[in-house]
Asker: 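Would you mind keeping the following structure in view while I ask a few things?
Lettering follows sequence order; numbering is per chain, from 1.
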Amino acid sequence: MPELPEVETTRRGIAPLVEGVRIEEIIVRNPNLRWPVELPAEVAGQTIERISRRAKYLIFELQHGSLIVHLGMSGNLRVVAAGAAYRKHDHVAWRLASGSELRLHDPRRFGSVHWHAGEPLSHWLLADLGVEPLGNEFNGAYLRAQAGKRRAPVKNFIMDARVVVGVGNIYANEALFLAGIRPSVRVNRLSRAAWERLAQAVREVLLEAIRLGGTTLRDFVKQDGNPGYFQQSLNVYGRQGEPCRRCATLLTGCRIGQRATTYCRSCQQN
DNA sequence: ATAGTCACCTGAGCGC
DNA sequence: TGCGCTCAGGTGACTA
C-alpha cells in the first residue's frame with residue numbers, strides 16, 4: 001500500500017499518541033511476516049522516545065534500541081483502545097502505558113518488524129539506501145550522476161531505492177507525467193533539463209500527497225481511520241484509456257518492470 | 001555492476 | 001453462488 005507519503009502520514013498520525021509513552025507488552029499474534037518477527041523480552045518496559053522515518057521504514061526509537069517497521073504493500077498502523085476486538089490480520093500489537101494499543105494490520109504480510117539494538121540506520125535493511133527525495137542532496141545533478149552509463153528505463157531508475165527512496169509505482173507514474181518524461185526512456189538518454197524537471201516533479205508530487213494525507217486506493221487509512229485524498233489528484237495512475245487532464249489524449253497503458261505504467265504519449269515525449 | 005525475473009501472501013474484481 | 005483467473009501501493013534474492 002504505502003509509498004513515502006502514506007508512511008509519513010502514518011508517522012504524523014501516530015507520533016502524538018505514542019511518543020513518550022511506555023510499551024507495557026508486545027503481542028506478536030502472527031510472527032510470519034516478510035521476515036519472522038523476533039523481539040527480545042527487553043523491548044517491553046521501554047519508552048518510545050521518538051518515531052522517525054527513513055525511506056518507507058518507520059523507526060520507533062526506544063531507550064536501548066529501535067523497532068524498525070515496514071508496512072509492505074497492505075500494512076497500516078492504528079492506535080485503538082486497549083481491549084478492542086482484534087481484526088483479522090492484526091499481527092502485532094503494542095500495549096501502551098497510555099491505555100491504548102498500537103496495532104499492525106497487514107493482510108498480505110509483506111510488512112516487517114525488526115528490533116535493532118544499535119544505531120538504527122546501520123541496520124542491514126537501511127544501510128544501503130539512497131537519498132531521501134525531500135532532502136537537500138536530491139536534485140537533477142544527483143540523479144544524472146547516479147544514472148551514469150546505466151540504461152535502465154527511467155521509471156525503474158526512479159523506483160530504485162539505492163538511488164532515491166520512497167518513490168513507488170503510483171508516484172513514479174505521477175512524477176514522470178509532471179516532468180513530461182516517457183517512463184520507458186533509458187536514463188542515458190535524458191538531458192540535464194529533464195533530470196532537473198524530474199527531481200522537481202518527484203518532490204512536488206510527494207509533498208502534495210503528504211499534504212492531502214496520502215493516496216487511498218483500496219484500504220489505506222490514516223491512523224484516525226480516514227482515507228487520504230491524493231487519489232483525487234492522480235493524473236495518470238490507474239487512468240489508462242481515460243483522457244489526459246492536460247491535453248485530452250487517451251492515456252496509454254503498458255508494463256515496465258512488471259508494474260502497471262500509464263502515461264500520456266502526447267505530454268510525455270521527454 | 002546491471003537489468004530483468006521471481007517470490008512472498010491475501011483479497012477484490014471480473015468473466016463464465 | 002461459485003470457480004478460476006488476474007491484479008494490487010514493496011523489495012530482497014536470484015539469474016544471466
Asker: Is the shortest side-chain N/O distance from A/Y171 to OP1 or OP2 of C/dG9 below 4.0 Å?
Answerer: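 Negative; the distance criterion is not met.
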
Asker: Does a side-chain N or O from A/H70 land closer than 4.0 Å to OP1 or OP2 of C/dG10, or not?
Answerer: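 For A/H70, the contact criterion (side-chain N or O under 4.0 Å from OP1 or OP2 of C/dG10) is not met.
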
Asker: Quick one: is C/dC7 close enough that its OP1 or OP2 comes under 4.0 Å of any side-chain N or O from A/R259?
Answerer: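 Answer no for this pair, as no side-chain N or O of A/R259 is under 4.0 Å from OP1 or OP2.
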
Asker: Quick one: which of C/dG10, B/dA3, C/dG12 gets closest to the side chain of A/R151?
Answerer: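 For the A/R151 side chain, the nearest candidate turns out to be B/dA3.
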
Asker: Provide the Watson-Crick or G-U wobble partner of B/dT5, both distances under 3.5 Å; none if there is no partner.
Answerer: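 C/dA13 is the nucleotide pairing with B/dT5.
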
Asker: According to a strict under-4.0 Å criterion, is A/K56 in side-chain N/O contact with OP1 or OP2 of C/dG9?
Answerer: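 Answer is no, no contact under 4.0 Å.
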
Asker: Is it true that the side chains of A/K155 and A/T261 contain a donor and an acceptor less than 3.5 Å apart?
Answerer: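 The answer is yes; a qualifying pair exists.
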
Asker: With a 4.0 Å cutoff (strictly under), does any side-chain N or O of A/R108 reach OP1 or OP2 of C/dA8?
Answerer: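 Result: no.
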
Asker: Could you tell me whether A/E61 and A/R50 make a salt bridge, using a distance below 4.0 angstrom between a side-chain N and a carboxylate O?
Answerer: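 Looking at A/R50 together with A/E61, the answer is yes, because their closest N to O distance falls below 4.0 Å.
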
Asker: Between A/N173 and A/T262, does any side-chain donor sit less than 3.5 Å from a side-chain acceptor?
Answerer: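 Distance-only check fails for A/N173 and A/T262.
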
Asker: Could you check which nucleotide pairs with B/dG13 in any of the strands shown, counting Watson-Crick or G-U wobble with both distances under 3.5 Å?
Answerer: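 Matched B/dG13 with C/dC5 under the 3.5 Å cut-off.
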
Asker: Please state whether the phosphate of B/dC9, meaning OP1 or OP2, lies under 4.0 angstrom from any side-chain nitrogen or oxygen of A/R34.
Answerer: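 For A/R34, the contact criterion (side-chain N or O under 4.0 Å from OP1 or OP2 of B/dC9) is not met.
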
Asker: Hey, does the side chain of A/H89 come within less than 4.0 Å of B/dG11's phosphate (OP1/OP2), counting only N and O?
Answerer: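 Looking at the OP1 and OP2 atoms of B/dG11, one of them is under 4.0 Å from a side-chain N or O of A/H89.
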
Asker: Could you state the atom-to-atom distance from CZ of A/R109 to C1' of B/dC9 in whole Å?
Answerer: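 Atom CZ in A/R109 sits about 6 Å away from atom C1' in B/dC9.
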
Asker: Is the closest basic N to carboxylate O distance between A/R144 and A/E196 below 4.0 Å?
Answerer: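 Salt bridge between A/R144 and A/E196, a charged N being under 4.0 Å from a carboxylate O: no.
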
Asker: Does the aromatic ring of A/F110 sit over the six-membered base ring of B/dC8, closer than 5.5 Å centre to centre and tilted less than 30°?
Answerer: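 Aromatic stack with B/dC8 present for A/F110.
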
Asker: Say you pick atom P in B/dA1 and the same atom in C/dT11; how far apart are they, in whole Å?
Answerer: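 Those two atoms are separated by 23 Å.
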
